[in-house]
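Both counts, for ligands and for their atoms, begin at 1 and track the order of listing. These values consider heavy atoms only, across backbone and side chains, with no hydrogens, waters or symmetry-generated copies.
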Amino acid sequence: MNPLEESDILIHGCIILPTIGREVVREGMIAIKNDKIRYVGKKSKAPRIKGEKVIDGRGKVAMPGLVNCHTHLAMTLFRGIAEDQPLEKWLKETIWPLEAKLKPGDVCNGALLGCLEMIKGGTTTFADMYFHEDQVAKAVEKAGLRAVLAQGILEAGVPRRGEKMLQDSVNFVRKYTGYADGRVTAQMGPHTLYTCSLDLLAKVRQKASELNVGIHMHLAESEETVNQTKQKHGLAEVELLEKIGFLGSDILAAHCIHLTEKEMQLLAKHNVKVSYNPVTNMKLAQGTARIQELMDLGVTVGIGTDGPASNNNLDMFQSMKVAALLQKQYYKDPTVLPAQTVLKMATTDGAKALGLEKTVGSLEVGKKADVILLDFKKPHLTPVHDPYANIVYSACRSDVDTVIVDGKILMENKNVKTLDEEEVMLEAQKTATNLPKRKAPIAKFIKNFI
Ligand SMILES: [Zn+2]
């Protein structure tokens, strides 16, 4: 008989979806040692492993943690503050003036609230772009999540401001790459083409290449700004970016709604990664990204919630369902984006979009142990003909029972272990209430831009 191995966490008796779209393991077992997966597969075929901590997985489904490819976490503070408005008005009249008042501590409180919401909803990795991003990194460290973070760069017609923000973004990369035991990866974060000049974007590209980090930006979100760019430069957004040598496999482009055929082909040619954010796109009525066509061209597409001010949550279960329904409706074809594809986008493909495909996104021996358990003993999840369909079309985030990141239990039996829920909500509520009343002058650059 083989010697008895030891593991830190042993989960047994669950259905396992190790790599989305491949096998479904019934009566499965997962063994976690330190921060990595030591075994995943049939319990009956497992080596003899004992666990320091044993989790009874019967009635549960284990799968890779969800990957949210695009958000602005601290915008939890603006949830519900300006509703049912066009994008430009929403940004210029409410969001930007409020953001100008944000202090580091405010961003920390908003980010902690976002981390709490994500843990409870089964998201284990997210990509964020915002101001005071060091505070987001600290919230991630405390919460125990994994994240790809970018300090935002918003030039807004003031080159000196752009240079300063570029330098801040570079400093952030230098300081926070590998932060929180390696759970934080850094990127550069130019806001978008209409808020950053081509000169500045070329410098961002150069710095990102020098530092060997990715770039997270918004692209082709609003028809109005896409048209303005075309009038000003005579080229579409993606064509312009190609012209300045900006495109590459390390670019994470959020939205990508208003694209020509040629632009889609350019994204595919340069292996640019796309974050599809269906809920926020629908809420702000920006149009529908042609995701099926991008995927047919071979583009890697993940799913994002975008900021909680325009969604109004960080719920990847809701975003997965809407992601599928919107594409079916757009193409008038129910076979578009089946459940397995959507779940793959929210795990494996999301990890690839963030450059983390070797680390997370599937449950494989040697990969980081980012695992979630869903409680399937629920009327709305019975019977289980197809666990993929149940997860995408029937499940909700309150079905998430246990969350493990980097081999550490962040939530067990719905109890969050790393954050004090009451305290996090109270502090965020206080900040959100006080912020609009605060007499901080609107920053000069914002005034100029408005
Ligand atoms: Zn965004």
Undergrad: Quick check: do T305 and H70 have side-chain heavy atoms less than 4.5 Å from each other?
TA: no
Undergrad: Between N227 and T225, is any side-chain donor less than 3.5 angstrom from a side-chain acceptor?
TA: no
Undergrad: Report whether any nitrogen, oxygen or sulfur of E221 sits less than 2.8 Å from the Zn ion (ligand 1) (N, O or S, backbone or side chain).
TA: no
Undergrad: Considering only N, O or S atoms, which atom of H70 is nearest to the Zn ion (ligand 1)?
TA: NE2
Undergrad: May I ask you to check whether H72 and H218 place their ring centers less than 6.0 Å from one another?
TA: yes
Undergrad: Of the backbone and side-chain N, O or S atoms of H72, does one lie nearer to the Zn ion (ligand 1) than 2.8 Å?
TA: yes
Undergrad: For D306, what is the atom name of its N, O or S atom nearest to the Zn ion (ligand 1)?
TA: OD1
Undergrad: Identify the heavy atoms of Q327 and Q292 that sit nearest to each other, and give their distance.
TA: OE1-N, 3.4 Å
